[in-house]
Amino acid sequence: LAVSSRTAAASPCNRLIRHRQNMKGGTITVVLLLAAVAWATEDHTGDFDKIDDRLDRLTARLVKLEERIESRVDPARVVRAKSLNAKVTQLEGTGCGTHDFQCGGSDPQCVGLLLVCDGIKDCRNGADEATCQVPLKTGDVFEGHRVFDRCTRRQPEVFNFEITAIQTRTAFNAYARVRANLVMEYDDGVVDGHSSLPLTGLYSFGTHKVVFTPPEDDRLGLSCEFDGANFDRCVGRTKRDSGETCAKFIFTKKH
Ligand SMILES: [Ca+2]
């Protein structure tokens, strides 16, 4: 009890000191809060631009580093690794819509297909402007082998298409116009025949796919999709108007 009364006797002074300390602490808190509010209300567009610039510079350095590493590795192995990666992505899904391009890398991002190869960097990693050369040239011949065919009139086991012209300047830079000649030898059980049909289509830089419009009145269109790494092989699909795939072929470049 004695100790308790001594403490009680000294308490007015202690309370004054504590009060002053609380006042000081409160003042510091208020000042810090005001500083935070002032920072938050200031225009920091310039700061964000600087960070963006730095990120761009770092990304460019990283891309150069990747190129240097790739240049030291056997190019065929790089293509095989990229093809495998494309296969995995195809199985897992890109996470983007059908009209989107997946920027890839460690920073997944979707941008519209029409923005690919339009001359403006839309992907943070610049992937949408990285590969803007048509991987086909006049004279290329692709030979297709049937996987299944439930719809074509002639049911060819093998047929070819030869690229006859490429035009890169189109209304949309994301596409190149492609002309080809489809050649097939067939035996429909009654007669052996030979057909040659001119094809016109578009190659999409975003999907690495060339889509030919239907050359005949059966309205069957043909597309051939590359995996984005190996441009000597594409998966051909014949589709009905409804979009259903009714025939599939694997095409490989002969020359
Ligand atoms: Ca772009």
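FYI, side chains are in, hydrogens and waters are out, and symmetry mates aren't considered; it's all heavy atoms of this structure. Note that ligands are numbered from 1 as they come in the structure, with each ligand's atoms numbered from 1 the same way.
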Asker: Tell me which donor-acceptor pairs under 3.5 Å the side chains of residues 135-147 have, and how far apart each pair is, sequence neighbours excluded?
Answerer:
from, atom 1, to, atom 2, distance (Å)
K137, NZ, D140, OD1, 3.1
D140, OD2, K137, N, 2.9
E143, OE2, H145, NE2, 2.8
R146, NH1, Q155, O, 3.0

Asker: Could you tell me whether R153 and D217 make a salt bridge, using a distance below 4.0 angstrom between a side-chain N and a carboxylate O?
Answerer: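 D217 and R153: salt-bridged.
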Asker: Return each pair, listed once, that meets salt bridge (Lys or Arg N to Asp or Glu O under 4.0 Å) where at least one residue sits in residues 195-211; pairs must be two or more places apart or across chains.
Answerer: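 Qualifying pairs: none.
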Asker: When the side chains of residues 51-59 are checked against the rest of the protein, which donor-acceptor pairs come out under 3.5 Å, sequence neighbours left out?
Answerer:
from, atom 1, to, atom 2, distance (Å)
D56, OD1, K121, NZ, 3.4
T59, OG1, L55, O, 2.7

Asker: I'd like to know whether NZ of K82 has more than 12 heavy-atom contacts from other residues, nucleotides or ligands below 6.0 angstrom.
Answerer: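 No, NZ of K82 has 12 or fewer neighbouring heavy atoms, counting only those of other groups under 6.0 Å.
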Asker: Would you say the SG of C246 sits less than 2.5 Å from the SG of C151?
Answerer: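 The sulfur gammas are closer than 2.5 Å, so yes.
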Asker: Keeping waters out of it, list the protein N, O or S atoms under 3.0 Å from the Ca ion (ligand 1).
Answerer: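 Listed by chain and number, the nearby protein N, O or S atoms are L115 O, D118 OD1, I120 O, D122 OD2, D128 OD2, E129 OE2.
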